[in-house]
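Naming: A, B, ... by sequence-line order, numbering from 1 per chain.
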There are 2 protein chains.
Amino acid sequence: MVAHRPSTTICRFCAARPRGLCKDMQTEAEFETLQVLQYRTRSFRAGTQIYGPHDVKTHVYNITSGWVSLCHELPDGHRQISQFLTTGGLIGYRPVGQAFNGEIATALDEVTVCAVPSQHLSALLERQLSLNRRLIWMLGRDGLVTSHRLACVGQSKALTRVAYLLLELLIMTTGHTGHGDGTTVQLPLTQSHIADATGLTAIHVNRMVKQLRQDAIVDFHSSTLKVLNYSSLKQAAQVSQDVKEAWIIQSVPAPQSGGATA
Amino acid sequence: MVAHRPSTTICRFCAARPRGLCKDMQTEAEFETLQVLQYRTRSFRAGTQIYGPHDVKTHVYNITSGWVSLCHELPDGHRQISQFLTTGGLIGYRPVGQAFNGEIATALDEVTVCAVPSQHLSALLERQLSLNRRLIWMLGRDGLVTSHRLACVGQSKALTRVAYLLLELLIMTTGHTGHGDGTTVQLPLTQSHIADATGLTAIHVNRMVKQLRQDAIVDFHSSTLKVLNYSSLKQAAQVSQDVKEAWIIQSVPAPQSGGATA
DNA sequence: CGTGTGTTTGACATACCTCAAAGTCTGTGG
DNA sequence: CCACAGACTTTGAGGTATGTCAAACACACG
């Protein structure tokens with residue numbers, strides 16, 4: 001009953017860039033509304049800061065290509081990367097009334113985003129239910145992913161933490177969970193990034209990476225991740241199937257109405 | 001322009017229980033709709049499980065009194081508490097299409113909740129923008145709080161982690177950040193809970209609690225938290241003002257419309 | 001009075017960090 | 001083509017924060 005676009009857009013703001021994401025897009029009418037708005041695409045070079053911890057966030061960004069890290073900096077200089085994101089990820093949203101969220105968004109490689117003024121987003125949210133659905137889904141997913149990572153960092157040994165992160169990045173990149181051996185993916189990360197994300201030192205990450213290589217599980221080498229034994233990796237990472245599904249950005253189906261017909 | 005209720009309800013579903021939260025409630029019309037629905041209040045005794053990791057979540061719960069923990073259990077038996085929640089907190093929401101979120105919700109003391117069938121929530125979301133706003137705000141906040149906790153657990157020493165958690169619980173309870181010395185609050189927690197939340201062992205938590213007491217910072221003793229030196233606590237916890245604001249559940253103002261008037 | 005749960009303490013083990021330095025790779029400029 | 005600098009990786013030796021194990025203590029509850 002709802003007329004969908006040919007399901008080729010990944011950004012529901014600028015409606016640009018075909019790829020098989022976000023089929024939940026919008027109705028014809030909504031789509032046209034968005035097209036009229038024509039939000040700007042912006043690019044950031046590798047290593048560039050997209051926004052800082054104390055920037056007033058004027059925009060929300062939908063990533064259309066490249067990798068971004070979200071990082072917290074503590075007073076003592078330590079850093080914690082809370083999330084890596086790639087195509088389809090939404091960054092820069094902050095709860096209304098919250099001055100800052102304290103995180104730094106950094107482009108890890110060449111990144112393009114669709115920039116939506118926060119004001120516009122608020123206004124759009126008042127009129128487009130599909131957008132509300134989508135935002136709710138994204139925020140729910142991000143919270144879930146973060147809390148699982150918290151469980152990993154809080155309770156697991158170093159080897160498991162590294163394996164967990166590598167598996168997460170693998171699945172984020174390939175977009176499916178049942179992937180076999182021999183897969184190779186490019187990740188714009190150094191061992192220091194892995195250290196910041198896992199709560200370890202780069203030196204210890206190196207030892208773990210070395211061990212994963214020796215145990216013929218994965219080979220992470222100069223930004224290249226090669227899966228040597230996928231089932232061993234799953235085992236080393238100690239993740240359940242549920243978690244892996246949350247790592248994949250999916251489309252959100254329109255709800256079949258029912259209940260609450262007061 | 002929007003007619004607000006006398007700002008005495010804390011649950012926008014059953015519209016029950018006066019207390020000064022959630023003034024953002026709803027318009028007259030919305031309020032009446034909800035009243036008609038009359039969602040059920042449920043109670044859970046201390047230690048009871050509200051839902052398990054593999055329950056199909058039929059309901060979303062809005063906490064109207066008591067304390068709840070959200071906990072992940074890892075294959076190796078370790079547990080990570082990702083969040084403590086109290087009055088006003090929303091639990092049991094999961095992203096559409098996500099089978100399970102793997103978390104266990106446990107009542108820490110006598111807990112009452114307003115139970116909303118997930119089906120109804122979906123339907124209500126399709127019709128009430130204020131509810132969308134509220135859910136988006138809650139999810140955004142929860143994600144923020146969790147990512148800050150991740151930064152703490154990943155990068156801080158044991159003493160800081162414990163101080164951080166105690167400060168968080170203090171602020172959640174009192175509802176304001178600038179609180180002075182001598183404050184005493186009841187928390188239905190054991191040192192084991194703190195251990196599970198901070199990623200430490202209960203034994204080591206005990207050592208840290210002891211040190212905080214000896215350093216005259218806080219005294220946590222048989223479910224009672226007493227602040228001896230608030231500014232020392234802030235310092236020990238290493239939190240910025242931004243983070244503390246995120247710990248307080250606030251009302252969400254209706255947006256002043258503007259922009260995107262395509 | 002006994003039982004169970006939570007707290008406290010001590011001795012010891014170890015996973016991870018810190019410091020130091022060498023080794024690799026890549027890009028740059030002569 | 002070579003020399004050099006800079007970023008990243010790798011390795012080793014030693015220190016320390018935290019975990020593990022064991023046991024006593026305190027307190028509530030039946």
> Which parts of nucleotides 13-23 of chain D does protein reach within less than 4.0 Å, heavy atoms only, written one letter per nucleotide 5' to 3' as B for base, S for sugar-phosphate only and - for none?
Replying inline: B---SBBBBB-
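Between B:Arg161 and B:Thr198 the shortest heavy-atom distance is NH1-O, 2.7 Å. Counting all heavy atoms, side chain and backbone alike, B:Val218 lies closest to B:Leu233 at CG1-CD2, 3.7 Å.
No donor-acceptor distance shorter than 3.5 angstrom exists from the side chain of A:Ser156 to the backbone of A:Val153, with no hydrogens or angles considered.
Around the CD atom of B:Gln49, the shell of radius 6.0 Å holds more than 12 heavy atoms that belong to other residues, nucleotides or ligands.
Here D:dC25 presents its P atom at 16 Å from NZ of B:Lys210, a figure rounded to the nearest Å. Going from atom CD of B:Gln155 over to atom P of C:dC16 covers 14 Å, rounded to whole Å. As a whole-Å value, the separation of A:His221 NE2 from C:dG23 C1' is 13 Å. One can place CZ of B:Phe220 at 12 Å from P of C:dG6, the figure rounded to the nearest angstrom. Between the CD atom of A:Gln214 and the C1' atom of D:dT11 there is a distance of 12 Å, rounded to whole Å. Taking atom CG of residue B:Leu189 and atom C1' of nucleotide C:dT5, one finds them 15 Å apart after rounding to whole Å. One can place CD of A:Gln191 at 13 Å from C1' of D:dT11, the figure rounded to the nearest angstrom. Atom pair A:Asn206:CG and D:dG12:C1' shows a separation of 12 Å (rounding to whole Å applied).
Listed by first then second residue, pairs satisfying salt bridge (Lys or Arg N to Asp or Glu O under 4.0 Å) with a partner in residues 100-111 of chain A number zero, not counting sequence neighbours.
Between A:Tyr61 and A:Phe44, the ring-plane angle classifies as perpendicular under the 30° and 60° cut-offs.
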